[in-house]
Peer 1: 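After the structure tokens below, expect a handful of questions from me.
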Amino acid sequence: MSKKENIFSRSLKELKSTRCLALTALLIAINIALDLLGLTIKLPPNLRIGFGFLCNAAVGMLFGPVAGMMAGVCTDVLGYFAGNLTMGAYFPGYTLTAIVGGLFWGLWLYPRKISVWRAVGAKACINLFCNIGLNTLWLTITGGKAMSVLLALRVPKNLLMLPIEAALLYFSMKLVLRLYYALPGTIETKRAAEKNSF
């Protein structure tokens, strides 16, 4: 009797492939570049949408939670050394947030499944646990502001951004999947070619 393979062991096996390592490194580099360039969409009142989270979501969706967590560590640490040295001392709490974010992306979207409900669920978990929960705690520790003051600002912002970011996530991941399956050498591409050859 064969047991279904654990999502974590399956994701760990993905790390052995050159494709996984190359695409993950590319997405990490794109994420850092987007953060350094500050590419955002500004919306009233004082809301802005960044695009870096889409790179982390793509890693989690394509290669699972283990790859997503490792990409989170790399993105946070390399992003700090690439451009945020002026922000002060390195604080490991934000790296923990990036790890938890990679875990959520992988749990919700892997193995390469995207639907409206998965996009909303994944982004809701990120907003609730990472943005409102952990990041508010780290800002309280590093900035010295009261958590209640920060929560009063951060909760409405994250609730307002949730539908917009979830829609952006859904359509972007659909595009990522289409591009991924178009790459030569993917199992799905090989199956499609075998079907069309008969």
Peer 1: Tell me the salt bridge (Lys or Arg N to Asp or Glu O under 4.0 Å) pairs involving residues 55-69, sequence neighbours left out?
Peer 2: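 Counting only pairs at least two positions apart or across chains, no salt bridge (Lys or Arg N to Asp or Glu O under 4.0 Å) contact touches residues 55-69.
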
Peer 1: Do you reckon Leu96 sits in the same ILVMFWY cluster as Met147, going by side-chain contacts under 4.5 Å, direct or chained?
Peer 2: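 Both belong to a single hydrophobic cluster.
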
Peer 1: Could you work out the complete set of other residues in the hydrophobic cluster of Val59, with links drawn between I, L, V, M, F, W and Y side chains under 4.5 Å apart?
Peer 2: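 When side chains under 4.5 Å apart are linked, the cluster holding Val59 also contains Leu27.
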
Peer 1: I want to know whether Phe104 and Phe129 have ring centres closer than 6.0 Å.
Peer 2: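 When the ring centroids of Phe104 and Phe129 are compared, they turn out to be within the sub-6.0 Å range.
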
Peer 1: For Val120, what residues pass the side-chain contact (heavy atoms from CB on, under 4.5 Å) criterion, not counting sequence neighbours?
Peer 2: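 Partners of Val120 under the side-chain contact (heavy atoms from CB on, under 4.5 Å) test: Val116, Ala166.
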
Peer 1: Can you pull out every side-chain hydrogen bond (donor to acceptor under 3.5 Å, both in side chains) where at least one residue sits in residues 52-72? Sequence neighbours excluded, please.
Peer 2: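 The answer is Asn31-Asn56.
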
Peer 1: I'd like to know if the side chain of Ser17 reaches the main chain of Glu14, judged simply by a donor and an acceptor atom lying under 3.5 Å from each other, with no hydrogens or angles considered.
Peer 2: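 Confirmed, Ser17 side chain pairs with Glu14 backbone.
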
Peer 1: Treating Ile, Leu, Val, Met, Phe, Trp and Tyr as nodes and any side-chain heavy-atom pair under 4.5 angstrom as an edge, say whether Phe51 and Ile164 lie in one connected cluster.
Peer 2: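 Both belong to a single hydrophobic cluster.
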
Peer 1: So if you build clusters from Ile, Leu, Val, Met, Phe, Trp, Tyr with side-chain heavy-atom gaps below 4.5 Å, do Met69 and Tyr80 land together?
Peer 2: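 They do share one cluster, since a chain of ILVMFWY contacts under 4.5 Å joins Met69 to Tyr80.
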
Peer 1: Hey, does Tyr180 have a side-chain heavy atom less than 4.5 Å from the side chain of Leu62?
Peer 2: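 Yes. Closest side-chain heavy atoms under 4.5 Å.
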
Peer 1: Applying side-chain contact (heavy atoms from CB on, under 4.5 Å), can you list everything that pairs with Thr18, at least two apart in sequence or on another chain?
Peer 2: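 Thr18: no side-chain contact (heavy atoms from CB on, under 4.5 Å) contacts found.
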
Peer 1: Who are the side-chain contact (heavy atoms from CB on, under 4.5 Å) partners of Ser172, not counting sequence neighbours?
Peer 2: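 Ser172 satisfies side-chain contact (heavy atoms from CB on, under 4.5 Å) with Leu54, Leu168 once adjacent residues are dropped.
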
Peer 1: Considering all heavy atoms of both residues, which atom of Ile28 and which atom of Ala71 are nearest to each other, and what is their separation?
Peer 2: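 It is CD1-CA, 3.9 Å.
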
Peer 1: Only counting residues at least two apart or in another chain, list the ones meeting salt bridge (Lys or Arg N to Asp or Glu O under 4.0 Å) with Lys174.
Peer 2: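 If we apply the salt bridge (Lys or Arg N to Asp or Glu O under 4.0 Å) test to Lys174, skipping adjacent residues, there are no hits.
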
Peer 1: Testing the basics here: between Ala146 and Thr140, what is the closest heavy-atom pair and its distance to 0.1 Å?
Peer 2: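 Minimum heavy-atom contact is C-OG1, 4.5 Å.
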
Peer 1: Identify the two heavy atoms, one from Gly52 and one from Leu34, that lie closest to each other, and give their separation to 0.1 Å.
Peer 2: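 Looks like N-CD1, 4.2 Å.
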
Peer 1: Is there a path of hydrophobic side-chain contacts, each under 4.5 Å between heavy atoms of I, L, V, M, F, W or Y residues, that connects Val176 with Tyr181?
Peer 2: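 Looking at the clustering, Tyr181 is in the same group as Val176.
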
Peer 1: What about Leu169 and Ile49, same hydrophobic cluster or not, with Ile/Leu/Val/Met/Phe/Trp/Tyr joined at side-chain heavy-atom distances under 4.5 Å?
Peer 2: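 Yes, same cluster.
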
Peer 1: State, with a plain yes or no, whether a side-chain heavy atom of Met61 is found less than 4.5 Å away from one of Leu177.
Peer 2: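 Sidechains of Leu177 and Met61: in contact.
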
Peer 1: Is any side-chain heavy atom of Leu183 less than 4.5 Å from a side-chain heavy atom of Leu23?
Peer 2: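 Side-chain contact under 4.5 Å: yes.
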
Peer 1: Taking all non-hydrogen atoms of both residues into account, name the closest pair between Gly72 and Ala98 and its distance.
Peer 2: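 So the minimum-distance heavy-atom pair works out to O-CB, 3.3 Å.
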
Peer 1: Check whether any side-chain heavy atom of Arg10 lies under 4.5 Å from a side-chain heavy atom of Tyr110, and answer yes or no.
Peer 2: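 When only atoms from C-beta onward are counted, Tyr110 and Arg10 do touch, with a gap below 4.5 Å.
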
Peer 1: Can you list every salt bridge (Lys or Arg N to Asp or Glu O under 4.0 Å) pair that touches residues 116-141, not counting sequence neighbours?
Peer 2: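 Every pair satisfying salt bridge (Lys or Arg N to Asp or Glu O under 4.0 Å) with a residue in residues 116-141: Lys123-Glu165.
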
Peer 1: Atom CD1 of Ile132 and atom CG of Leu150: how far apart are they, to the nearest 0.5 Å?
Peer 2: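 One gets 12.0 Å once the value is rounded to the nearest 0.5 Å.
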
Peer 1: Taking all non-hydrogen atoms of both residues into account, name the closest pair between Ala67 and Ser11 and its distance.
Peer 2: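 The answer is N-OG, 3.4 Å.
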
Peer 1: According to the side-chain hydrogen bond (donor to acceptor under 3.5 Å, both in side chains) rule, which pairs have a member within residues 92-106, sequence neighbours left out?
Peer 2: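 Listed by first then second residue: Asp76-Thr95, Tyr90-Thr95, Thr97-Asn135, Thr97-Trp138.
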
Peer 1: For Asn158, give me all partners under side-chain hydrogen bond (donor to acceptor under 3.5 Å, both in side chains), at least two apart in sequence or on another chain.
Peer 2: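 Partners of Asn158 by the side-chain hydrogen bond (donor to acceptor under 3.5 Å, both in side chains) criterion, ordered by chain and then number, come out as Asn131.
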
Peer 1: Please name the pair of heavy atoms, one in Ile32 and one in Ala82, separated by the smallest distance, quoted to 0.1 Å.
Peer 2: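 Closest approach of Ile32 to Ala82, heavy atoms only: CG2-CB, 4.1 Å.
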
Peer 1: Which residues pass the side-chain contact (heavy atoms from CB on, under 4.5 Å) test with Pro163, sequence neighbours left out?
Peer 2: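 Result, side-chain contact (heavy atoms from CB on, under 4.5 Å) vs Pro163: none returned.
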
Peer 1: Can you confirm whether Pro65 sits close enough to Ile7 that some side-chain heavy atom of one is under 4.5 Å from a side-chain heavy atom of the other?
Peer 2: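 A side-chain contact under 4.5 Å exists here.
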
Peer 1: Could you work out the complete set of other residues in the hydrophobic cluster of Leu179, with links drawn between I, L, V, M, F, W and Y side chains under 4.5 Å apart?
Peer 2: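 ILVMFWY cluster around Leu179 also holds Leu175.
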
